[in-house]
S.K.: 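This is the structure I want to talk about, given as structure tokens.
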Amino acid sequence: MTTQIHVHVFPTSEEVAAAAAERIATVVREKPTCVLGLATGSTPEATYGKMIELYHQGLDFSRVSTFNLDEYAGLQCDHPQSYRAFMEERLFRHLNLRPWNTHVLNGTTQFPALECAAYEQQIQARGGVDLWLLGIGQNGHIAFNEPGSPLDSRTRVVALTPSTIAANSDGRFFADPKDVPRSALTAGIGTIREARQLVLLATGQKKAEAVARALKGDFSVDCPASLLQDHRDCTFLLDEAAASLLKS
Ligand code: GLP
């Protein structure tokens, strides 16, 4: 498949973050009641810093709703490595978002299937996601949709692969692989593809292979990010290191 994905390469990761935040700001200005999809991980942290700067310059988030991609199963929302805690710390508490407009899947629910179905309904009830910010795993995963995740997958409970457990316990988040939950709740590929605009961020050499597979490889569940190739409005914002395998 010839990809429709737009690719912008920037000299530094800071410029990637500025470009991502500006895209988000454009949506918020055009539609103050917009719905943003958000991601966790190291990559979007700088973008969240830029969003906070834009808020201090007057950007209003008071009517914006947010939905996060995923959450670890079994972690309480106030566990420091939960994605809810990550978002509160890095973004939510710094903006004028209303708490009831921020949505992160509940990793400790007794009824995960209901939680996942309700999440899909909440997204629909708010009119769908206007822009979903994404990262990419070293194995090409998006959110916690690991290789093999179906194109039409919806929000659900998934098992994490050993490579994702290792990547998330390299000292940045969890100190030890045994501390990383073995499963998670995640928006599906089908859920993510329904967003009106997708913006995927990748920085650093470690992401170069996954980025090349996503953009130049087959449209295949073997590389979940490649399943964005036919999206009508998808942009990859990359630094030079993450883009380094695209030229060959
Ligand atoms: C986790 C998250 C993904 C994220 C990925 C890459 O697995 N569930 O949503 O894209 O990590 O994270 P990082 O930006 O830290 O490399």
Side-chain angles (χ1 to χ4, degrees), residues 13-14 16-17 20-21 36-50 66-75 79-87 89-91 103-107 116 119 129 131-149 153 155-175 177 179-189 191-193 195 198-214 223-228 234-239 241-243:
S13 57
E14 185 167 355
V16 171
L36 299 177
L38 299 173
T40 50
S42 302
T43 314
E45 281 189 66
T47 300
Y48 296 153
K50 300 281 182 197
T66 68
F67 287 86
N68 262 80
L69 285 169
D70 46 15
E71 180 60 284
Y72 288 111
L75 295 193
H79 185 290
Q81 299 309 335
S82 77
Y83 284 166
R84 166 57 82 172
F86 177 102
M87 293 307 300
E89 184 60 29
R90 288 359 185 251
L91 188 68
H103 304 84
V104 182
L105 285 152
N106 174 7
C116 293
Y119 205 65
V129 173
L131 182 155
W132 212 323
L133 192 68
L134 302 169
I136 184 170
Q138 291 173 39
N139 63 359
H141 74 236
I142 48 175
F144 273 132
N145 293 285
E146 298 282 20
S149 297
S153 50
T155 304
R156 68 204 188 289
V157 179
V158 292
L160 305 188
T161 63
S163 76
T164 295
I165 290 167
N168 290 350
S169 58
D170 62 0
R172 292 172 306 154
F173 299 118
F174 294 92
D179 298 332
V180 182
R182 268 36 192 172
S183 59
L185 287 69
T186 184
I189 308 268
T191 320
I192 293 166
R193 280 168 50 96
L198 297 175
V199 176
L200 185 145
L201 311 180
T203 56
Q205 186 66 37
K206 280 186 181 167
K207 300 296 173 67
E209 193 178 329
V211 166
R213 288 179 69 207
C223 177
S226 74
L227 302 176
L228 309 178
C234 177
T235 304
F236 278 28
L237 302 178
L238 310 173
D239 69 358

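Read the numbers this way: they start at 1 and go in the same order the structure lists the ligands and their atoms.
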S.K.: Counting distance only, does the side-chain N/O of Glu146 pair as donor-acceptor with the main-chain N or O of Leu160 below 3.5 Å?
M.R.: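 Checked: no pair found.
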S.K.: Got a second to check how far Cys223's SG is from Leu228's CG, nearest 0.5 Å?
M.R.: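 If I round to the nearest 0.5 Å, the distance is 9.0 Å.
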S.K.: Which pairs of nitrogen or oxygen atoms, taken one from ligand 1 and one from the protein, are under 3.5 angstrom apart?
M.R.:
from: ligand 1; atom 1: 7 (O); to: His141; atom 2: NE2; distance (Å): 2.9
from: ligand 1; atom 1: 7 (O); to: Asn168; atom 2: ND2; distance (Å): 3.4
from: ligand 1; atom 1: 8 (N); to: Asp70; atom 2: OD2; distance (Å): 2.8
from: ligand 1; atom 1: 8 (N); to: Ala143; atom 2: O; distance (Å): 3.4
from: ligand 1; atom 1: 10 (O); to: Ile136; atom 2: N; distance (Å): 3.4
from: ligand 1; atom 1: 14 (O); to: Ser42; atom 2: N; distance (Å): 3.3
from: ligand 1; atom 1: 14 (O); to: Thr43; atom 2: N; distance (Å): 2.9
from: ligand 1; atom 1: 14 (O); to: Thr43; atom 2: OG1; distance (Å): 2.4
from: ligand 1; atom 1: 15 (O); to: Ser42; atom 2: N; distance (Å): 2.7
from: ligand 1; atom 1: 15 (O); to: Arg172; atom 2: NH1; distance (Å): 2.7
from: ligand 1; atom 1: 16 (O); to: Lys207; atom 2: NZ; distance (Å): 2.6

S.K.: Is it the case that the side chains of Asn145 and Arg156 hold a donor-acceptor pair, with the cut-off being a distance below 3.5 Å and no angle test?
M.R.: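 Yes, a side-chain donor-acceptor pair sits under 3.5 Å.
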S.K.: Compile the donor-acceptor pairs under 3.5 Å between side chains in residues 198-211 and protein atoms, sequence neighbours left out, one pair per line.
M.R.:
from: Gln205; atom 1: OE1; to: Ser244; atom 2: OG; distance (Å): 3.3
from: Gln205; atom 1: NE2; to: Ser244; atom 2: OG; distance (Å): 3.4
from: Lys207; atom 1: NZ; to: Ile136; atom 2: O; distance (Å): 3.0

S.K.: Keeping Gln81 on the side-chain end and Phe174 on the backbone end, is there a donor-acceptor pair under 3.5 Å?
M.R.: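 Between the backbone of Phe174 and the side chain of Gln81 there is no qualifying donor-acceptor contact (under 3.5 Å).
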S.K.: Please check this pair: side chain of Arg172 against backbone of Ala167, looking for a donor-acceptor N/O pair closer than 3.5 Å.
M.R.: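 Present.
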